Every structure is written in C-alpha cells, then in structure tokens.
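The structure under discussion appears below in the form of structure tokens.
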Amino acid sequence: MNVLGLQGANYFAVKYPIGSASGKNIRNASEQSRVTGESSSAHNGNYHGTLKMGYLHSEFSPVSGQELHMKYDESSTDDDPVMYVEGKDIHGKAFTQKVHLNEVDAENATPAEMTALRVHLAQQGDKSVKTSSGIPLMALGSHQDVNTAMDFKQYYENWASSLENAGFKQNAGIYISELERYLFFHRTKK
C-alpha cells in the first residue's frame, strides 16, 4: 500500500486502554490481564465490535471492521517483552499472534506490531508515546490490513512534512518525536 493512502483515511476507532503495569516488571501486566468480552457498538450503531476487558489495549474500527486486543504474553520478560495480540483483519478473519517487541522495526512493521510497541512503550512510561497521536492505529480505519507490513518511518515523515507545510510545526515535531522513540527502541534492542 502507498504510505500516503493512510493520510486521507476517514479514521474512527474506538480505543479502550485498560489497566496499568509496573515499568520494572512486565509479568505484573500479564497477571493483571484477565479475558472477558464485552460487545460494543460505534456511535452510529452500524458495527458491533468486542472490547476485551482486562487487556492493556482494545479497539475496533467501524469503518474497516478490524479489531485489535493486546496484553503481555505469559512468556514476556523484561529482556524479551512479548505482546499477545488477537483481533480481526480487514477480511473479518480472526487472528492471534505473539509480537516480540524487540524485533519490531518501524521501517517494516504491521499496524498490529506498531500498536503493540506503542502500548509497551506507554506502559513503560514513555511520555512521547503515551500522549501520542496513535498513528499506527489509524490503519484500522483505512484500507490497510492490520497484518500487512508498511514503512511507518516514511509515513510519519510524510505526515510531519504535510503538517509543517500547513503551518503546524509544533504538531509535526510531536510526530517526529514519536517516530524517533520507535526507531531508538529498535536500534537499542537489536
């Protein structure tokens, strides 16, 4: 998919972050996660998705029908954080996967992987990511499949450039700061 394709997407996703975890012990977050489901619908009532209580992050898009739910996997450690991700892709097919966060590369990652990394960094207290825009999540409202890799570095840079050209330099800086956190995390964990 052309990275610019996400920019024009009508984005609407219901986000439901749940719980908190100690930055020192990822296992605490895993133990806090209990699986229960709760059906919910978008404001217009056209799409019913599942928000999973007890997960660190749960969201769905009434536009694309995609869902993402994530929590730390029981195998997760401080040295090898692993996020358990489940959801529905753009075709309505249910999926589950384990994302080893140290391996997520913003230059070749799926929206599911980038969202998992974003959730992890936010749980670790990273202020740049915690208050971020959630660009990796915007793919849920577009025609980008949640499990198809794309170049988020290029996407962030294009988006920031568009904002800067429109006179929103401060907003552009926020996006670049968020991107730098993802890139730094990947470089230091290789």
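Bear in mind the structure is a predicted one, so any value in this text is a computation, not a measurement.
Of the possible donor and acceptor atoms, none in the side chain of Ser177 sits under 3.5 Å from a partner among the backbone N and O of Gly173. When atom types are taken as modelled, the side chain of Gln144 and the backbone of Thr148 share a donor-acceptor pair closer than 3.5 angstrom.
In this view, Glu157 and Lys153 satisfy the side chain to side chain donor-acceptor pair (under 3.5 Å) rule, not counting sequence neighbours. Applying the side-chain contact (heavy atoms from CB on, under 4.5 Å) test to Glu164 and every residue at least two apart in sequence or in another chain returns Lys169, Ala172. Taking Tyr84 as the reference, nothing meets the ring-ring contact (aromatic ring centres under 6.0 Å, His included) condition, with sequence neighbours excluded. Scanning for side-chain contact (heavy atoms from CB on, under 4.5 Å) contacts around Ala122 gives Lys130, with sequence neighbours left out. Not counting sequence neighbours, Ser161 has no partner by the side chain to side chain donor-acceptor pair (under 3.5 Å) test. Taking Lys98 as the reference, Asp73 meet the salt bridge (Lys or Arg N to Asp or Glu O under 4.0 Å) condition, with sequence neighbours excluded.
Summarising the geometry of Asp151 relative to Gln154, their closest heavy-atom pair is OD1-N, 3.0 Å, with the distance given to 0.1 Å. The two residues Tyr156 and Glu178 come nearest to each other via the heavy atoms OH-OE2, 2.6 Å.
Aromatic ring pairs are classed by plane angle as parallel below 30°, tilted from 30° to 60° and perpendicular above 60°; the pair Tyr155 and Phe152 is perpendicular.
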Practice problem: Go through the steps for Tyr72 and Gln123 under the test side chain to side chain donor-acceptor pair (under 3.5 Å), then give the verdict. | Solution: CA-CA 10 Å; Tyr72 286 107; Gln123 287 294 311; 5.6 Å; no
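Within the model, atoms CG of Asn171 and CD1 of Ile176 stand 12.0 Å from one another, a figure rounded to the nearest 0.5 Å. Taken from CE in Met83 to CZ in Arg118, the straight-line distance is 11.5 Å, to the nearest 0.5 Å.
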Show me, pair by pair, the donor-acceptor contacts under 3.5 angstrom made by side chains of residues 100-110, not counting sequence neighbours?
{"unit_1": "His100", "atom_1": "ND1", "unit_2": "Asp80", "atom_2": "OD1", "d": "3.1"}
{"unit_1": "His100", "atom_1": "ND1", "unit_2": "Asp80", "atom_2": "OD2", "d": "3.3"}
{"unit_1": "Asn102", "atom_1": "ND2", "unit_2": "Asp79", "atom_2": "O", "d": "2.8"}
{"unit_1": "Asp105", "atom_1": "OD1", "unit_2": "Glu107", "atom_2": "N", "d": "3.0"}
{"unit_1": "Thr110", "atom_1": "OG1", "unit_2": "Ala112", "atom_2": "N", "d": "3.4"}
{"unit_1": "Thr110", "atom_1": "OG1", "unit_2": "Glu113", "atom_2": "N", "d": "3.0"}

